[in-house]
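The block underneath contains the structure these notes are about, expressed in structure tokens.
Along the sequence shown, the residues carry numbers beginning at 1. Every number for a ligand or one of its atoms is a count from 1 in the order of the listing.
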Amino acid sequence: MTGKLAGQVAVVTGAGSGIGRATAALFAREGATVAIVDLAAPAAEQAAEEITGAGGSARAIAADIADPGQVDSAFGDILGELGRVDVLYNNAGVNSAGSVLDATDEDWDRCFAVNAKGTFLCSRVAARAMVAAGRGSIINQGSVAAVVGVANFASYCASKGAVVALTRSMSVDLAPRGVRVNVICPGTVYTPLMEPMLRARGNGDMAAGLALTTAKYPIGRLGTPEEIAAVALFLACDDSSFLTGSVITADGGMTAQ
Ligand code: 1HS
């Protein structure tokens with residue numbers, strides 16, 4: 001451990017599984033007290049227990065980040081108990097298969113409610129605390145789907161494009177106030193979130209969907225949660241002190257081709 005986040009408070013949304021869980025564990029190993037925010041209370045509590053069991057500091061908070069009241073309540077608890085928010089990783093998200101021909105209103109609304117509005121709601125309350133402290137780092141979760149067109153993924157692509165645009169806007173608003181805002185655009189990482197997409201791509205065959213997806217990545221494999229967590233740590237700590245408004249693709253070369 002190098003203590004890159006020693007003494008800091010980090011909020012990670014969607015930290016009950018996948019990239020968020022790996023990032024929360026890494027942030028804790030680097031000295032942060034981590035608020036594990038997740039829709040699923042049992043997953044949040046298990047992630048927090050894993051961190052505290054390993055000697056780290058964590059709190060579990062169940063919240064739907066698409067719900068303004070739940071976001072305000074969650075951050076009220078975090079600020080009330082921990083007194084500050086130094087890092088916010090807006091990792092929580094949903095995806096939904098479907099092209100413009102067959103995606104439903106509900107697909108669109110849910111993708112935007114969680115991916116775009118959830119990022120906005122959490123950023124608004126965290127940024128107010130960070131501005132008051134004169135420093136902070138907000139990391140948003142974009143996607144390669146915000147950079148290139150992904151077939152059969154209309155609502156998700158659009159919502160992640162909104163996250164990239166929001167990141168840029170927030171970065172110019174907050175830079176003079178000492179708060180940096182950047183976005184990671186991961187390629188596919190094999191997590192529970194991705195299984196519906198992989199299975200759909202393989203017409204019900206997960207192995208076929210995985211092969212078709214992996215073929216899109218020049219590096220020859222999908223990413224791991226830990227590889228994205230390492231990028232989040234870079235953006236969270238002062239190693240990235242001159243970065244704000246940056247779009248960091250972490251995609252095994254997928255968008256380079
Ligand atoms: C879910 C993640 O943001 C990546 S979007 C899917 C891109 S690809 O792997 O299907 O090319």
**Message:** Within the 3.5 Å criterion, strictly below it, is a donor on Ser57 or Thr33 matched to an acceptor on the partner's side chain?
**Reply:** yes
**Fill in**
Near Met254 (heavy-atom distance under 4.0 Å), the atoms of ligand 1 are 11 (O)
**Asked** Does the pair Lys117/Asp67 count as a salt bridge with the N-to-O cut at 4.0 Å?
**Response** no
**Prompt:** Counting heavy atoms only, which of Gly223, Ser143, Gly149 is nearest atom 5 (S) of ligand 1?
**Reply:** Ser143
**Prompt:** Looking at Asp239 and Lys4, does any basic side-chain N land under 4.0 Å from a carboxylate oxygen?
**Reply:** yes
**Complete:** Atoms of ligand 1 under 4.0 Å from any heavy atom of Phe153, numbered from 1 in the order shown, are 5 (S), 6 (C)
**Criterion side chain to side chain contact (heavy atoms under 4.5 Å, CB included) against Val231, the qualifying member of Ile184, Asn182, Thr23** = Ile184
**Request:** Quick one: look at Val144 and ligand 1, take heavy-atom pairs under 4.0 Å, and tell me if it's side chain, backbone, both or neither.
**Result:** side chain
**Where ligand 1 meets Thr213 - atom numbers and elements under 4.0 angstrom, heavy-atom basis** = 9 (O)
**Message:** I'd like to check which ligand 1 atoms, numbered from 1 as shown, lie under 4.0 Å from a non-hydrogen atom of Thr188.
**Reply:** 4 (C), 6 (C), 7 (C), 8 (S), 9 (O)
**Request:** Could you tell me if any non-hydrogen atom of Arg201 lies under 4.0 Å from any atom of ligand 1?
**Result:** yes
**Asked** By number and element, which atoms of ligand 1 are closer than 4.0 Å to a non-hydrogen atom of Tyr217?
**Response** 7 (C), 8 (S), 9 (O), 11 (O)
**Prompt:** Going by an N to O cut-off under 4.0 Å, is there a salt bridge joining Arg221 and Glu227?
**Reply:** yes
**Request:** Start with the C-alpha gap between Gln8 and Val87, add the side-chain angles, then the distance that decides, and say whether side chain to side chain contact (heavy atoms under 4.5 Å, CB included) holds.
**Result:** CA-CA 8 Å; Gln8 296 192 33; Val87 178; 3.7 Å; yes
**Prompt:** For atom 11 (O) of ligand 1, what is the nearest protein heavy atom, given as residue, atom name and distance?
**Reply:** Lys216 NZ, 2.7 Å
**Request:** Answer yes or no: is there a side-chain heavy-atom contact under 4.5 Å between Leu222 and Thr213?
**Result:** yes
**Message:** I need the contact type for Met194 against ligand 1. Using non-hydrogen atoms and a strict under-4.0 Å cut-off, is it side chain, backbone, both or neither?
**Reply:** side chain
